[in-house]
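Here the structure is laid out as C-alpha cells; the discussion comes afterwards.
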Amino acid sequence: MTHDAPRLLPCGDTAFTIEFGAQIDARLSARVLALDATLAAHSLPGVLETVPTYRSLTVHLDPVIADPAELGRAVLALADERPEAGPAPRLWRIPVVYGGAFGIDLEAVAAHHGLAPEAVIARHSAPDYRVAMIGFLPGYAYLEGLDPGLALSRRPSPRPVTPAGTISIGGAQALVASIAAPSGWHLLGRTPEKVFAPQRDPVFLLRPGDRVRFVPTPPERWAALDAAAEAGEPVAELCEG
Amino acid sequence: MSARLHITRLTGAASLQDGGRRGYLRFGLSASGPMDPLAFAAANGLVGNPADAAALELGLAAVRLRAEGGAARLALAGAPSGLRLDGEPIAAHRSFLLREGSELTVERPREGVFAYLAAAGGFPVPAVMGSRALHQRAALGGLGGRTCREGDRLPLSAPPAIEADRCVDPIPLEREAPIRVVLGPQDDLFAPAGRVTFLSEPFTVSNRADRMGYQLDGPEIAHGPGGFNIVSDATVAGSVQVPGSGRPIVLLADRQTTGGYPKIATVISADLRRIAQRRPGEAVRFEAIDLAAATRLARARASLIAGLADRLRPVEGEAERLMRANLAGAAVDALHAED
C-alpha cells in the first residue's frame, strides 16, 4: 500500500505524524528528510521536536502553544510544497570487522543467498547508505540503501543480547547499533566506532540524512581501533559535507 | 561537606527524575521524566522548587533516609504512603524539615505506584545532556547513570531557608476512571472488531510494567488483514501499540522512540499519570475522545500545574484541620473541574 499524497495521522494531543507511505523506499525517505529540513527552516510556534523515519515525520508539539489539529494541517500543507534545500549531506566512512566472532551470522547469510562470505562483505560495503532514521534505542541508525540481493527477513527468534557496535541487516534495512541490546537481525560485523557517546561532543555521531559507507577492516586492527574509540578518538572518517 | 540524604533502607524502584531530557527523540533517546507529572510538580511546589526540579521518584518502594551534614526541607506527593519522621507519623502532601541526623521512613504506598520526594533546591546531581532524569537503558542521568540503591547518599542543595511548613490537598489517583485516548495513528490497520474490543473490554496491567511501558492482559485485539508488522515509525508517550499477541502495550517515559507494531491509539497526555499509577492486576478501560477535547484537557492540566503554588496552605493544627474538613472537598472538586 502506498499513498501518493501525504496523510496527517494524530498521535494524541502532543504529536502528529505526516505519513508519506507505508514502505521502505528511497524516494519516501527523501521526502521525509526534505520536510524535516523545511520545518527546521520555518520554526513554527509550538513545534518542539521532529522525528524522521523511513516513511514518515512525527512532529512533537506543545499543545498549550499550538492547536495540534491546526499545526498538523499547516505542516501537511508544507509537505506538499517543493522542499527547501537542506544542509549538504555528510559522508562517514565507518570501519567494520566482518564475520567470525564479530559477525556471527555472516556465513549463514552467505549460504542463504548462495554467495561466498566475501561477496556478502563486498555487497554490504559497496553502497553509500543514507541514515533514514535513528530510533528504538539511543543512536541506533537505520540505513536505507541495502543491496536488495542481501535482503533477508529477521531471525525466527531474537537473540537476548547483541554487542554495542553491531552491524546487522533485517529485511531491507541495514543497522548500526550503538549499545548492547536484544536483536532478531542478522549480525554481519562490528564497528569500534561509538555512534552514541554521552561524554563526547557531539553525543551522537550520525544525524538523519547523513550518508554512510562501511570500510571492511581486518580483525587484527580491532584492538587498536577499539582502544582509540574508548579513548574518545574518532575512528570513523568524515569525508564530505 | 554539604548536606546529603543517606538511603539507609530501600525496597522497590527509586530514581532521580526531573522534567525530562528534551530534544533527542530524533536520535533515539526518549525524554524520561516523571511517570506522574502532576504529583511530581506538587512535591516540588511544596518545597518551593520549580515544577521540573530533580526529585526522587519512588515506584512501589519503601525507603528510609537520614539527613547527614545538614537539614533538608522535604515533601512527598503522589501514591498515598505512610510517612514517619523519627518514628512519628507525619502527613504526606506537606513540607517539613528533616533535621540533621533525623530519619524519614516512607512506607510502600497503600495504593497507586509512584510517589515523589522533593527536597528544597532539588538534588544537584550532574546534569547529563541537559537533564538529571535517569534514562536507565541509556545509563544517563540519575545517580551516576543508575537507579538509587541502599547506601547511596543523595546530594542536597544549600541549607533550606527558614519557612513555614505548607500543605496541599492530596492528588486523586483516579483509580476507577477510564484511560482516555485519541484513536490513531494506525487504528485503520485493525479489524473493526479489534477496535470494538479495545474500547469496550476491560484490560488489566500485567507484571510486565515498568518505566518503558505497561503491557496489558485481557482480550486479544484483532489486527486487520495487513497483519501486525509495519515499517517502524515514531512512538510517543502514550502510544498504544499492539504486537502480534493482540495484547496492547502502553509506551511511557523511557520508551523506545520507534517501533514496528501498529498503534491503535494514543493515551492523552493528561491521563498518562492515570495509567502509570495502576498496579499490576488493576483494571484499565479505554475511552476514545476527540483531539479537541484532548487538547482542552492538556491545557487545563498545564494551568493546574502552573497554579499549584497558589493552592499551597500553611499547615494547621489537627483540630483546625478537622473543623475545616467539610471544606476540604472544595479543592478536590476544583481538581476534577479540569475534566
Side-chain angles (χ1 to χ4, degrees), chain A residues 1 7-17 19 21-25 28 36 48-60 62-64 66-69 72 132-142 154 170-173 178-179 181 195-196 198-199 202-204 206-208, chain B residues 22-31 128-129 135 137-141 145 181-189 226 229-240 256-260 263 265-272 289-299 301-303 306:
Chain A
M1 180 172 53
R7 297 199 301 165
L8 171 61
L9 306 176
C11 303
D13 50 276
T14 62
F16 56 83
T17 291
E19 185 187 76
Q23 311 298 332
I24 293 176
D25 178 320
L28 293 180
D36 189 43
L48 299 177
E49 299 185 50
T50 57
V51 182
T53 71
Y54 280 106
R55 61 194 186 85
S56 65
L57 185 74
T58 294
V59 177
H60 292 258
D62 182 344
V64 174
D67 178 78
M133 72 176 205
I134 300 177
F136 178 54
L137 286 170
Y140 267 54
Y142 290 77
R154 293 169 207 191
Q173 304 172 55
S178 52
I179 57 179
V195 292
F196 169 51
Q199 310 307 329
V203 170
F204 296 99
L206 303 175
R207 296 195 294 240
Chain B
R22 309 285 166 178
Y24 296 100
L25 289 172
R26 63 193 287 107
F27 295 107
L29 181 65
S30 45
V128 179
M129 297 165 67
H135 189 298
R137 195 68 185 269
L140 294 177
V181 299
V182 175
L183 288 175
Q186 280 111 21
D187 52 316
D188 58 342
L189 297 186
N229 278 302
I230 61 171
V231 172
S232 291
D233 71 349
T235 67
V236 305
S239 289
V240 184
Q256 59 272 36
T257 58
T258 61
K263 298 168 282 290
T266 313
V267 175
I268 66 168
S269 59
D271 281 2
L272 289 172
I289 64 172
D290 65 27
L291 181 53
T295 304
R296 283 195 298 275
L297 289 163
R299 291 176 175 179
R301 174 60 52 81
S303 302

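Every chain is numbered from 1, with letters handed out A, B, ... down the list of sequences.
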For [X], is it the side chain, the backbone, both, or neither that has a heavy atom closer than 4.5 Å to a heavy atom of chain A?
X         : value
Ile289(B) : neither
Leu291(B) : side chain
Leu140(B) : side chain
Ser239(B) : neither

Parallel, tilted or perpendicular: rings of Tyr24(B) and Phe27(B) (30°, 60°):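 Phe27(B) vs Tyr24(B) ring planes: tilted.
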
Checking heavy atoms, do the side chain of [X], its backbone, both or neither come under 4.5 Å from chain B?
X        : result
Phe16(A) : neither
Leu57(A) : neither
Pro10(A) : both
Asp67(A) : both

Any salt bridge linking Arg55(A) with Asp25(A)? Criterion: basic side-chain nitrogen under 4.0 Å from a carboxylate oxygen.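 The answer is no: the pair does not qualify as a salt bridge.
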
Would one find more than 12 heavy atoms of other residues, nucleotides or ligands at under 6.0 Å from atom CZ of Arg154(A)?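 Atom CZ in Arg154(A) is not packed in, count stays at 12 or less.
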
Under the side chain to side chain donor-acceptor pair (under 3.5 Å) rule, collect the residues that match up with Gln256(B), sequence neighbours excluded.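 Result, side chain to side chain donor-acceptor pair (under 3.5 Å) vs Gln256(B): none returned.
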
Taking the side chain as every heavy atom from C-beta outward, state whether Pro68(A) and Thr14(A) have any atom pair closer than 4.5 Å.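 Of all side-chain heavy-atom pairs linking Thr14(A) with Pro68(A), none is under 4.5 Å.
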
